[in-house]
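To keep things clear, I will list the structure first and then write my remarks on it.
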Amino acid sequence: MEDKILIGKIINQDHRAFKELVDKYSSLVINTCKSFVHDPDDAQDIAQDVFIEIYQSIHKFREEAKISTWLYRISVNKSLNFIRKRKKNILVKSIEHFFLNSEKEEIDIPASNSQNADAGIENEERKNILYKSIESLTYNQKIAFTLNKFEDVSYKEIAEIMDLSLSSVESLIHRAKINLQKKLINYYKKNIY
Amino acid sequence: MNCKEVHKNLIFYFENELNTETQSKIKEHINDCVSCKILYEKIKNTLGIINIEEKNKSYPFFFTRIQQKIDELNSSEIKTGFLPSFTKLLKPVTLAILIAFGIFFGINLGNKYETNNYTESNENLLQAYANEYYVNGLNEETIETFLLND
Ligand SMILES: [Zn+2]
């Protein structure tokens, strides 16, 4: 069924149409959330909330827009909010630590020992450093880079999702790459030589 | 091409985004320079993580969970009649706790500095605070940061 018709039916409280929409777009939404939060269970939880928001605000949807653009946008917002809350929890934990006067607990990247690390551990280390580096990008660079690299979203659609011009998206992704490169090189220089 | 120039372009080399001449110059350099080769391998493998992230598993009960959550929301909307009086009571209590916490925190922080006991964990805490308050919000990129960043 075409998206427009589907949305019209959902507005008219057609339950089956809503299920069809969820089935059609669940992997897009879940994968997008996962590419930001990197945890499959968290991603599913957030994705459920994305569809609930869609369900509750479907009557506000502008007909000329693409539903995928809307889905991406809500997925990004909810995922980044989730990360923000997670950071706040880390803050609360460090306040607890402060009061308990306990030794500091490392939340940094675990030190590498690549000589005797097996491939699995090496991949974990790579994941850690990659995600940390992406996390350190500016807000907009992070969104543009993640959508393009993890989800293969075109620059044009990213521009629509983020409400920016195409050239701004190009420049965001370019600068994201330069910044990532800096972080990765700094990290590996310290850990190789 | 020297090592520094190669480092500046490794990510673009990996993505094959440079012109043919630069691509081949870097390729040449990497073949001859052990440290750049190692660094390139590291970067290549790290960025390669993006492509091996698991995708498209099936998600059983995904729609059922959404349905449950919507039902829960609908039924809690009916119950909200009880809520206002409860929140009225809760607000001053929360405020009092926050103020007490603030004072306690302030005294503790003061003591820490006085005894010159500036440990690394304090630094972490302050860093976390800084992140929270300065990296929060929409962090829109202004023209200024556009010009300053690179
Ligand atoms: Zn070199």
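Within every chain, numbering begins at 1; the chains are lettered A, B, ... in the order of the sequence lines, protein sequences first and strands thereafter. Just so you know, these numbers use all the heavy atoms, side chains as well, and skip hydrogens, waters and symmetry mates.
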Side chain from CB out, backbone as N, CA, C, O: work out which of these in A/I134 comes under 4.5 Å of a heavy atom of chain B, or both, or neither. neither
Output field: ring centroids A/F51/B/F63 closer than 6.0 Å: no
Point-to-point distance, once rounded to the nearest 0.5 Å, from CG of A/D23 to CZ of B/F62: 9.5 Å
Is any side-chain heavy atom of A/K189 closer than 4.5 Å to one of B/H7? yes
Quick test of your reading of the model: are B/K69 and A/D49 salt-bridged, counting only N-O distances below 4.0 Å? yes
Can you tell me if NZ on A/K24 sees more than 12 non-hydrogen neighbours from other groups inside 6.0 Å? yes
Do A/Y131 and B/I49 have side-chain heavy atoms sitting under 4.5 Å apart? yes
Got a second to check how far B/I70's CD1 is from A/Y55's OH, nearest 0.5 Å? 5.5 Å
Considering non-hydrogen atoms only, spot the tightest contact between B/I11 and A/K177 and give its length. CD1-O, 3.6 Å
Taking every non-hydrogen atom, the tightest pair across B/L73 and A/Q56: CD1-NE2, 3.4 Å
Hey, mind stepping through A/E125 and B/K42 against salt bridge (charged side-chain N to carboxylate O under 4.0 Å, His left out) and telling me if it holds? CA-CA 11 Å; A/E125 184 198 347; B/K42 289 277 180 189; 5.5 Å; no
At what distance, to the nearest 0.5 angstrom, does CD of B/Q67 lie from NZ of A/K19? 9.0 Å
Taking CZ in A/R16 as the centre, count heavy atoms belonging to other residues, nucleotides or ligands within less than 6.0 Å. Is the count above 12? no
Can you name the nearest heavy-atom pair linking A/L130 to B/T46, along with the distance? CD2-O, 3.6 Å
Check whether A/I90 and A/V92 end up in the same hydrophobic cluster, where Ile, Leu, Val, Met, Phe, Trp and Tyr are linked by side-chain heavy atoms less than 4.5 Å apart. no
Quick one, B/L10 and A/L184 - any side-chain contact, counting heavy atoms below 4.5 Å? no
Does any N or O in the side chain of A/Q181 come within less than 3.5 Å of the main-chain N or O of B/K8, such that one atom is a donor and the other an acceptor? yes
Measuring from atom CD1 of B/I66 to atom OG of A/S26, what distance do you get when rounded to the nearest 0.5 angstrom? 8.0 Å
Heavy atoms, side chains only, cut-off 4.5 Å: are A/F150 and B/N51 in contact? no
